[in-house]
Amino acid sequence: MPSNRRVLLLPGDGIGPECVAQVTRVLDWMGAEGLAGFDIEEDLVGGAAIDAHGVPLADATLDKAMAADAVLLGAVGGPKWDGLPFEIKPERGLLKLRKEMELFANLRPALCFEALVSASTLKPEIVQGLDIMIVRELTGGIYFGEPRGIETLPDGSRRGVNTQTYTTGEIHRVARVAFELAAKRDRRVCSVEKANVMESGVLWREEVQKLHDANYADIALSHMYADNCAMQLVRDPKQFDVIVTDNLFGDLLSDAAAMLTGSLGMLPSASLGAADAEGNRKALYEPVHGSAPDIAGQDKANPLACLLSLAMMLRYSFDDARGADLVEGAVARVLDRGLRTADIMQDGMTQVSTGAMGNAVLEELGSRTR
Ligand code: IPM
Ligand code: MG
């Protein structure tokens, strides 16, 4: 059995815990089958951490995250904590993890499962076979730029400020990830910014082009303005292979891309840091969906994005393509069997709970290894 992999689970808020519970079942199953050994720890983040410690990410939790080989996070946030001061809102816990762990590259695949082609709001021919990868810069840009804040002007009115900043280094390191992913895919990268209105966009475009010409000339590089990219994503998403973009545009475009696949409930993501001398990267995996407080605790949530995040963890943190394929294959077959959680329910299919979806994935996993 491979040596133990240190995994920190941060279920968080809303539907996070019930989705992460299905991941725990799969990890336990992998351990019991002798496929992989995991040292699993669990801790609080977001609103759950605020309730327990008064802060959305305790220092001790951050220390555990830094020491882990991989972190899997469920979701953060909910109406209960909406009124809190900005600095201790649940979302700050997630942003702090990203920033402190220096997870600058956020990989958000948008892959349309065959069984869900008709669940998309777009026509089947537009999304069938869709497989794109959005690489979102995650630790810079307007999310973290200074100055920021809300100030009161002499006349008593107020002014809100955020700052978009990018340095050459920040652009190069995320673009490198995109080019390297493209090299294993269809060898095409589309770099997205708004160089027509933003200087940071001009720099982004120039630096991505320079890096390409110097190191990745065998990859096809194109550039696109972010507004056009939003339009192209719903018009003809299959034109894209890898998209690389900044933090804010990546946030928006990845939600749009998510809907192409039928449901936000299906999309995993990986946030990766720089490789150390041994080639290991700090990494956090999370479903793209949020905490969905309206259905939390009702056993209605779709756990598949969380399970697919586990597959990404196996692939990117543990170089375990076999394990990742097993989980992804089990998810695809459960969908082929017609099982659907409410968010992807369609006529003629069988609606199941979160737990029942987990059961079905475990059954499928078992059937492949027996
Ligand atoms: C995401 C989310 C986060 C973001 C929130 C929860 C802070 O929307 O991961 O896309 O804006 O990055
Ligand atoms: Mg988002």
Side-chain angles (χ1 to χ4, degrees), residues 10-17 19-20 44-50 55-57 62 65 71-82 84-110 132-145 148 160 162-164 166 170 174 192 226 229-230 233 243-261 263-273 283-294 296 301-302 305-306 308-309 312-313 343:
L10 298 174
D13 308 322
I15 61 171
C19 292
V20 172
L44 303 174
V45 70
I50 294 172
V55 287
L57 183 74
L62 178 59
V71 180
L72 190 131
L73 183 139
V76 294
K80 181 175 175 194
W81 306 282
D82 276 350
L84 287 176
F86 190 71
E87 271 314 307
I88 57 160
K89 273 192 190 308
E91 288 78 4
R92 301 306 301 176
L94 174 58
L95 295 172
K96 189 169 175 191
L97 272 171
R98 291 174 178 171
K99 190 71 178 172
E100 296 292 324
M101 294 171 75
E102 282 193 81
L103 306 172
F104 62 85
N106 183 212
L107 280 46
R108 298 192 163 187
I132 61 185
M133 177 69 88
I134 298 188
V135 179
R136 166 189 176 193
E137 199 290 325
L138 203 61
T139 51
I142 203 159
Y143 270 55
F144 298 98
R148 64 185 300 155
N162 289 92
T163 306
Q164 165 90 336
Y166 274 108
E170 287 173 320
V174 71
V192 173
C229 182
L233 270 175
I243 292 175
V244 62
T245 189
D246 76 16
N247 205 342
L248 182 60
F249 294 142
D251 183 41
L252 306 181
L253 296 173
S254 61
D255 264 28
M259 206 48 225
L260 305 173
T261 69
S263 163
L264 217 53
M266 292 302 303
L267 285 180
S269 77
S271 304
L272 307 177
L284 179 136
Y285 299 84
E286 54 176 319
V288 172
H289 63 66
S291 58
D294 51 319
N302 184 349
C306 231
L308 292 169
S309 299
M312 287 189 92
M313 174 194 292
D343 59 313

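Whatever order the structure lists them in is the order used to number ligands and atoms, beginning at 1.
Not close to ligand 1: His289, with no non-hydrogen atom less than 4.0 angstrom away. Within the structure, the closest approach of Arg136 to ligand 1 falls below 4.0 Å when heavy atoms are considered. Residue Glu286 places no heavy atom under 4.0 Å from ligand 1.
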Applying side-chain contact (heavy atoms from CB on, under 4.5 Å), run through Leu97 and Leu62 and close with a yes or a no. CA-CA 7 Å; Leu97 272 171; Leu62 178 59; 4.1 Å; yes
Would Arg98 and Leu95 satisfy side-chain contact (heavy atoms from CB on, under 4.5 Å), going step by step from the backbone distance to the final call? CA-CA 5 Å; Arg98 291 174 178 171; Leu95 295 172; 3.8 Å; yes
May I have the step-by-step check of side-chain contact (heavy atoms from CB on, under 4.5 Å) for Val135 and Met133, ending in yes or no? CA-CA 6 Å; Val135 179; Met133 177 69 88; 4.2 Å; yes
Does the side-chain contact (heavy atoms from CB on, under 4.5 Å) test come out yes or no for Ile15 and His289, once each step is laid out? CA-CA 10 Å; Ile15 61 171; His289 63 66; 3.6 Å; yes
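Note that CG of Leu73 is 11.5 Å distant from SG of Cys19, once rounded to the nearest 0.5 Å.
When only non-hydrogen protein atoms are considered, atom 1 (C) of ligand 1 lies nearest to Arg108 NH2, 3.3 Å. In this structure, the protein non-hydrogen atom closest to atom 8 (O) of ligand 1 is Asp251 OD1, 3.3 Å. At the top of the distance list for atom 5 (C) of ligand 1, counting protein heavy atoms only, stands Glu91 CG, 4.4 Å. The protein heavy atom nearest to atom 11 (O) of ligand 1 is Tyr143 OH, 2.5 Å.
Residue contact annotation: Asp251 places an N/O/S atom under 2.8 Å from the Mg ion (ligand 2).
Other residues, nucleotides and ligands place no more than 12 heavy atoms under 6.0 Å from the CD atom of Glu102.
Neither the backbone nor the side chain of Lys89 has a heavy atom within less than 4.0 Å of ligand 1.
Phe86 does not carry Arg148 over the face of its six-membered ring by the limits of under 6.0 Å from the centre and within 45° of the normal.
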